[in-house]
There are 2 protein chains.
Amino acid sequence: MFTLDQIRSFIAVAEELHFGRAAQRLNMTQPPLSRQIQKLEKAVGVRLFERDNRKVVLTIAGTAFLEDARSLLGSAEQAPITARRVARGQAGLLRIGFTAASGFSILGQLLAVVEDALPDVDIDLREMVTREQLAALSAGELDIALARPPVDHKHFSSRLLQTEALRLVAPERHPLTELERPIEGKDLSGMPLIMYSPLSARYFYDLAIRHAPIQHGNVAHTVSQIVTTVSLVAAGRGVAFVPESASRLGIEGVRHLQLPASADHAVELHAIWRRGQRNPAVHVLLDAVAKNSTFDAPKA
Amino acid sequence: MFTLDQIRSFIAVAEELHFGRAAQRLNMTQPPLSRQIQKLEKAVGVRLFERDNRKVVLTIAGTAFLEDARSLLGSAEQAPITARRVARGQAGLLRIGFTAASGFSILGQLLAVVEDALPDVDIDLREMVTREQLAALSAGELDIALARPPVDHKHFSSRLLQTEALRLVAPERHPLTELERPIEGKDLSGMPLIMYSPLSARYFYDLAIRHAPIQHGNVAHTVSQIVTTVSLVAAGRGVAFVPESASRLGIEGVRHLQLPASADHAVELHAIWRRGQRNPAVHVLLDAVAKNSTFDAPKA
DNA sequence: CCTCACTGATGCCCGGAGTGCATGATGTTT
DNA sequence: AAACATCATGCACTCCGGGCATCAGTGAGG
């Protein structure tokens, strides 16, 4: 097999068509250059130059080999540059998990920041519920998660990205929409409630419990996705707690009602990554997010 | 700069994730392999493996570099193969010149042979008159010409590819079409004749002269392309000599008339190449043409 | 808790490949 | 015919890469 140095030598001779000048360009003397070319020709198995004592010309095979040689050398020079960029987090792949709800609140802004700060990083987006994201982080299948607390800080680090208000969503013309004040827990007494699964949507389950202690029997449905929740409300199946940004879904036939002030920043979204995280792009992204204005709660 | 051997070593370690086994696969011992990887990391400027005394894993940069390394090594292995194929004439580029007339007689069959015998050879086709082709051959701008005699055998070699009959083409309902016998020179006495340029179409000029000695004054036009000739005949401007295959042009309003037997194989087409020709594909093509049935004159 | 086995890193020496200098072979120019 | 130009070759030296022996750190098992 040949050497990259031989490739470099070959290119120089092919361009100069003169061993002496090529040697000069390569900062060496002519004799070893002649020998390198001979070795290369032996390795390739073809005569690359037609040379007598007066002139040097590329053979047809040499012309063909020159193309490959140039691209080979180009790749050889590019590869380390790429590797260094990846090491600095300026290139490579970033696998981002997100919950369906964060998809219509923060994801757009976040991707704009990524586009700007990490133009050469490929982004792999995967929608999963919080629990799945944490499992994927542990398995090394995800670099960063956009998910809900709680976070196990033994294995993960996190940063609060955004808070938004919790709201109550009710069908249009529902009695609650008549009240011209924040809805309180007792207002919901006896009303059918669309509830969250304590397994797949633990965070919203807990939030709902906190704002409207559930009496046995008023849970109309149990779901795990915000979109499903709002759709069921629109269908008149009950009322439900949703984050403020859910109004962006644009589902017709529902009203978003205010809750007491305690609910104003109740819904948190965190960026979460595994401790001992290997992908430098994660930290570049986090830094970019930190510098780049805060991600405010969306105005409905 | 790194070495291709280091790339090979890196790939082995990346695949085995174990220096000992990788070394075994590379037919070497572990210590020099460790050092090669260290050198490679220094050359690339990035740590490629995260390794403690218990396990070896690729870093993110290493993962990125592995892709480039594989393609680099693949190219390095492919390049000599390509060069050897080019040297044997099985790949590369073949620049073929042809006259407009050969375009509608032999070119199709020839290209079919090329396709079959030289599948990996790129074909560059250029239409030129014979004189231009010979000049292009001399200048090294053409590898092979499909052209008419005479050939200067001091500088060129040639092979007869095809002979076809010379015919007379006349407008429909022309008095000559009434004759139910081969047309002779004296039949043309006083008739307007579409003649060829002695400069650009020397071969057909000579043929025409031989079959119908020209009296002063009966040359209606002087052209250099068969297509132009037949078009002028169709327009009623006169009669002309054309090769048999010109009937393939499908130009309406003309009749192709037989000449005496001496004209039956009068039109020759040769493959011509420069002596000391460098492109091996030329000879591969000529051999393929020789083996592959003769190129018969087209049946009108 | 200690020992052993495993794994990658390091020290040392040797053989071979690459380099430079001097020179050869050959064709061109004056 | 002599001088020149150009690529090839002989020779000595240096340095790189490889193998052998060994070190150092870690996890498993008694």
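It should be emphasised that the depicted structure is a prediction, and the values quoted were computed from it without experimental measurement. Every chain is numbered from 1 and lettered A, B, ... according to where its sequence line falls, protein lines coming before strand lines.
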Chemist: Check nucleotides 22-29 of chain C for protein N or O atoms closer than 3.5 Å to its own N or O atoms and list the pairs.
Modeler:
from: dT26(C); atom 1: O4'; to: Asn53(A); atom 2: ND2; distance (Å): 2.8

Chemist: Could you state the atom-to-atom distance from CD of Glu50(B) to P of dT7(C) in whole Å?
Modeler: 19 Å
Chemist: What is the distance, to the nearest angstrom, from the CD atom on Glu41(A) to the P atom on dC7(D)?
Modeler: 13 Å
Chemist: Considering residues at least two apart in sequence or located in another chain, which fulfil the side-chain hydrogen bond (donor to acceptor under 3.5 Å, both in side chains) criterion with Arg126(A)?
Modeler: Asp124(A)
Chemist: Mind checking what makes side chain to side chain contact (heavy atoms under 4.5 Å, CB included) contact with Thr29(B), not counting sequence neighbours?
Modeler: Pro31(B), Pro32(B)
Chemist: Are more than 12 heavy atoms, taken from residues, nucleotides or ligands other than Glu141(B), located less than 6.0 Å from that residue's CD atom?
Modeler: yes
Chemist: Around atom CD of Glu115(A), are there more than 12 heavy atoms of other residues, nucleotides or ligands at under 6.0 Å?
Modeler: no
Chemist: Are Glu15(B) and Arg70(B) packed together at the side-chain level, in the sense that at least one heavy-atom pair is separated by less than 4.5 angstrom?
Modeler: yes
Chemist: For the residue pair Ser34(B) and Gln30(B), confirm or rule out a side-chain donor-acceptor distance under 3.5 Å.
Modeler: yes
Chemist: I need the full list of side chain to side chain donor-acceptor pair (under 3.5 Å) pairs touching residues 35-51 of chain B, with sequence neighbours left out, sorted by first then second residue.
Modeler: Gln6(B)-Gln36(B), Glu41(B)-Arg51(B)
Chemist: Going by side-chain hydrogen bond (donor to acceptor under 3.5 Å, both in side chains), name the residues that satisfy it together with Gln277(A), two or more places apart in sequence or in a different chain.
Modeler: none
Chemist: What is the distance, rounded to the nearest whole Å, between atom CD of Gln6(B) and atom C1' of dG17(D)?
Modeler: 10 Å
Chemist: Let me know the distance between NZ of Lys55(B) and P of dC6(C), rounded to the nearest Å.
Modeler: 19 Å
Chemist: Side chain of Arg51(B) only, heavy atoms from C-beta on: which candidate in dC7(D), dA9(C), dG18(C) is closest?
Modeler: dA9(C)
Chemist: Please give, in whole Å, the distance from dT10(C) P to Ile37(B) CD1?
Modeler: 14 Å
Chemist: Without decimals, in angstroms, what is the distance between Met1(A) CE and dA17(C) C1'?
Modeler: 17 Å
Chemist: Any ion pair linking Lys291(A) and Asp287(A) (charged N to carboxylate O, less than 4.0 Å)?
Modeler: no
Chemist: Rounding to a whole Å, what distance do you find between Phe49(B):CZ and dT7(C):P?
Modeler: 16 Å
Chemist: Got a sec, which residues hit salt bridge (charged side-chain N to carboxylate O under 4.0 Å, His left out) with Arg84(B), two or more places apart in sequence or on another chain?
Modeler: none
Chemist: Nucleotide by nucleotide, 5' to 3', does protein get under 4.0 Å of the base (B), only the sugar-phosphate (S), or neither (-) in nucleotides 11-16 of chain D, counting heavy atoms?
Modeler: B----S
Chemist: Could you tell me whether the phosphate oxygens of dT9(D), OP1 or OP2, come under 4.0 Å of any side-chain nitrogen or oxygen in Gln38(A)?
Modeler: yes
Chemist: What residues from residues 57-64 of chain B pass a heavy-atom cutoff of under 4.0 Å to DNA chain D?
Modeler: none
Chemist: Can you list everything that forms a ring-ring contact (aromatic ring centres under 6.0 Å, His included) with Phe49(B)? Sequence neighbours excluded, please.
Modeler: Phe10(B)
Chemist: What residues, two or more places apart in sequence or in another chain, satisfy side-chain hydrogen bond (donor to acceptor under 3.5 Å, both in side chains) together with Asp152(B)?
Modeler: His155(B)
Chemist: Do Glu268(B) and Arg148(B) sit within salt-bridge range, that is, some charged N less than 4.0 Å from a carboxylate O?
Modeler: no
Chemist: What integer distance in Å separates Leu4(A):CG from dG18(C):P?
Modeler: 13 Å
Chemist: List in chain and number order the residues that pass salt bridge (charged side-chain N to carboxylate O under 4.0 Å, His left out) with Asp52(A), two or more places apart in sequence or in another chain; answer none if no residue qualifies.
Modeler: Lys55(A)
Chemist: For DNA chain D, find the residues of residues 11-29 of chain A with a heavy-atom distance under 4.0 Å and give them by number; none if there aren't any.
Modeler: His18(A), Phe19(A), Gly20(A)
